[in-house]
Amino acid sequence: MKKNIVTFILFFSLFASANVRMPLLFSDGMVLQRNKEIPVWGWADANEKVTIHFNKQTKTIQADTNGKWMVKLAAEKAGGPFELSITGKNKITIKDILVGEVWICSGQSNMEFQMYKLPDFETQKNQTNYPMIRQFVVNQDLSGTPKEDLKAGKWAVSNKENIRDFTAAGFFFAKKLYTELKIPIGIINTSWGGTNVETWTSHEAFQNSDEFKSIIAEVPTVDMDAIFESYKKSILQNLKKVQGFDVSMENENQFKEFGFDDKNWPEIKVPSLWENQQIGNIDGIVWMRKTIVLTAEQAKNEAVLHLAKVDDEDQTFVNGIEIGTNKIWDKQRIYKIPANVLKAGTNVIAVRITDYSGGGGIYGDPADLKIQFKDSNLPLEGFWKFNVVQVKISVSPNSYPSLLYNAMVNPLVPYAIQGVLWYQGEANVWRANQYKKAFPLMIQDWRTKWNQGNFPFYYVQLSTFDEFGGNSKKGSRWAELREAQSETLKVPNTGMAVTTDIGNAKDIHPTNKQDVGLRLAAIALNNVYGKKQVFSGPTYKSQEIKENQIIVTFENIGGGLSKPNNSELKGFEIAGADKVFYSAKAIIKDNKIIVSSTEVSNPLAVRYGWADDDTNINLYNKEKFPASPFRTDNWEMITANEKYKISK
């Protein structure tokens, strides 16, 4: 009996260890890149013979001493469906494989932005039955060292059942490509909201960079437990410094009360997500209080509190009385204040906000933050008192460099791809000047790791967003980040979609992702697929100073410079030696822009769209692609000396 048990255990152990295993990317419904060698890899027993069969190709390979193996199938034409079989001591069959075009979609929340968040999603979802378009979603994960496989992920076919979780920008890109090319399109969506470019870049890239090698030398190979403890310590110390007291839930039941003394609480700007302010990138519970003074006339009847939007959940009190609660992060908070709750004189609004992930706080349009009386409104935007009482301690992707590269990019290498679509930069605006080095470094890093040449890398320039009220007079981090993105066009085989005209100054997540996808597709169709067409708007080339005017010349003018509906050109500014910029008159003549101002008699420099919020700029080419913001000076910027730092 004992002999039989031992024999069974030995047999079972041998069988368990013998299974050939494939990366999660290689699964039913996958899309392979056409017209390129197709790397296929996986794991088996050490030195095990593995046979791979696909279409009319058969390859045999022996796993190395660590059990890893890889073959490269010859290039295939677009088509399918096919099957891929991998045979060792067991056999795996992967079905419903298409061959076509494969693009990686990556970045932060505006690339992560799913279809279901579109205002017209119910209409859009009925127009998504494209079985030749498929998405692989990489599940979010962190790692201190490069991983061989993904945490989770699967391929999904584009249809009204699956489309809700597709990246919106990526889907509209894929849809346009399919419409033009009529071949399968695969998108691999690996994105994470709120992330900086440094977490998407490998450790080796930093080691080989003059800009970053001294920083990365201080970061050994890290384990996640050590990162967690360091992150926890850093977060709590920073909040204590900001607040002047420890994070604690002690006495929080008093915070809703009218008579509670909040004079020692710090203040924060509302409406605005707290990630953009001194609280920083935390999830947890924060109390916010606003003291207001009302007249007897205002207080005598019921009123309506408009609290804009709250990310994620709120409990809202007026003078200690709960008047409303909501758990939907993007829903307007509109709560009735019953009669006899308000009083003449001092009143207190208290909001307990619970943020589960991503952005946190009261946000949205300042016009939606008010108390509405019968015949008047009382605006509530401005500074509110706050107290962080609980922090959900979890490691942020931005805690250390390379965490997302290790977990969400490295496992994709060397899957054959056509190129990369990238939408990121919001998290780097504080270090916009350094982004001129950090972003090209990441692009080159990915190209080096894939070893598939200088594949196309197309990205989205930041839309308008009035985060800090920045402009030419006080400086604009968002304008500086856009400049860094423009300068990255010097990197070979890159392209940039300008989106200043389709953003929302009050929403960091503009919902027009269709035009984003179409503009990225225009670049790809021209550069990759031979559909010769205009694919971008005017970009600054040079300036010529003539007396009190500056004449600006552009590239990529297409059919010529234009402005909508014969309106006046907006967004141009001009300055002299004092570096003070004035709003300028700008006219189009001979496909150049002549800029002048009565305030500047000896001009030296021109700026266009140099502001966080550049909603009103309106220079286009006749193909209706917007001009990219620019400046002609090289004067020092406000982010010039801001450098990447690692929490310790």
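Everything quoted here is computed from the prediction, not taken from an experiment.
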Under a 3.5 Å cutoff, is there a donor and acceptor pairing between the side chains of [X] and [Y]?
| X | Y | result |
| --- | --- | --- |
| Q434 | K437 | no |
| N398 | N196 | yes |
| E112 | Q140 | yes |
| Y435 | Q424 | yes |
| S106 | S191 | no |
| T639 | W430 | no |
| D445 | T201 | no |
| T167 | N189 | no |
| H306 | Q372 | yes |
| S476 | D612 | yes |
| S472 | E573 | yes |
| E426 | N110 | yes |
| S628 | Q461 | yes |
| E467 | W478 | yes |
| K269 | N276 | no |

Ring centroids only, cut at 6.0 angstrom: are [X] and [Y] within range, meaning strictly under it?
| X | Y | value |
| --- | --- | --- |
| Y116 | F121 | no |
| F386 | W265 | no |
| F439 | Y459 | yes |

Note to self: Does K449 form a side-chain hydrogen bond (donor to acceptor under 3.5 Å, both in side chains) with S202? I'd like the steps, not just the answer.
What the structure shows: CA-CA 9 Å; K449 289 293 195 298; S202 78; 3.0 Å; yes

Non-hydrogen side-chain atoms of [X] and [Y] separated by less than 4.5 Å:
| X | Y | answer |
| --- | --- | --- |
| W384 | V351 | yes |
| W274 | I268 | yes |
| R482 | Q485 | yes |

Notebook entry, point to check: Only one of N319, I371, T291 clears side chain to side chain contact (heavy atoms under 4.5 Å, CB included) with I349; which?
Noted result: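 Of all the options given, the one that passes is I371.
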
Margin query: With side chain to side chain contact (heavy atoms under 4.5 Å, CB included) as the test, pick out the partner of I292 among V348, V318, L380.
Written below: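 Testing each of V348, V318, L380 against I292, the sole residue satisfying side chain to side chain contact (heavy atoms under 4.5 Å, CB included) is L380.
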
Notebook entry, point to check: In terms of heavy-atom contacts, does NZ of K232 have more than 12 from other residues, nucleotides or ligands at under 6.0 Å?
Noted result: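 No, not enclosed.
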
Margin query: Test of understanding: with ring-ring contact (aromatic ring centres under 6.0 Å, His included), list the residues that count as partners of Y458, not counting sequence neighbours.
Written below: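 For Y458, the residues satisfying ring-ring contact (aromatic ring centres under 6.0 Å, His included) (neighbours in sequence not counted) are W103.
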
Checklist line | Shortest non-hydrogen contact between L239 and I279, atoms and distance | finding: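 In terms of heavy atoms, the two residues are closest at CD2-O, 3.8 Å.
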
Checklist line | Least distance between heavy atoms, A350 atom then K256 atom | finding: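 So the minimum-distance heavy-atom pair works out to CB-CA, 3.8 Å.
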
Next item on the list: Mind running salt bridge (charged side-chain N to carboxylate O under 4.0 Å, His left out) on E642 and R431 for me, showing each step along the way?
Entry: CA-CA 5 Å; E642 297 296 328; R431 302 188 304 279; over 6 Å; no

Note to self: Nearest 0.5 angstrom please: K506 NZ to D368 CG, how far?
What the structure shows: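 CG of D368 is found 9.0 Å from NZ of K506.
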
Margin query: What's the separation between atom CD in E148 and atom CG in N406, rounded to the nearest 0.5 Å?
Written below: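 The CG atom of N406 is 12.5 Å from CD of E148, to the nearest 0.5 Å.
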
Check: Would R333 and D314 satisfy salt bridge (charged side-chain N to carboxylate O under 4.0 Å, His left out), going step by step from the backbone distance to the final call?
Finding: CA-CA 9 Å; R333 269 55 171 182; D314 72 288; 2.7 Å; yes

Notebook entry, point to check: Would E252 and W287 count as a side-chain hydrogen bond (donor to acceptor under 3.5 Å, both in side chains) if you check the C-alpha gap in whole Å, the side-chain angles of each, and the deciding distance to 0.1 Å?
Noted result: CA-CA 8 Å; E252 75 152 335; W287 279 89; 2.6 Å; yes

Check: Quick one: does NZ or CZ of K513 land under 6.0 Å from the six-membered ring centre of F113, within 45 degrees of the ring axis?
Finding: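 Yes, a cation-pi geometry.
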
Notebook entry, point to check: Side chain of K392, backbone of Y356: donor and acceptor closer than 3.5 Å?
Noted result: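 Side chain of K392 to backbone of Y356: a pair is present.
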
Next item on the list: Begin from the C-alpha positions of T190 and F136 and carry the test side chain to side chain contact (heavy atoms under 4.5 Å, CB included) through to its verdict.
Entry: CA-CA 8 Å; T190 181; F136 185 94; over 6 Å; no

Item checked: Stepwise side-chain hydrogen bond (donor to acceptor under 3.5 Å, both in side chains) test for Y405 and N410 -> CA-CA 6 Å; Y405 174 85; N410 194 69; 3.2 Å; yes

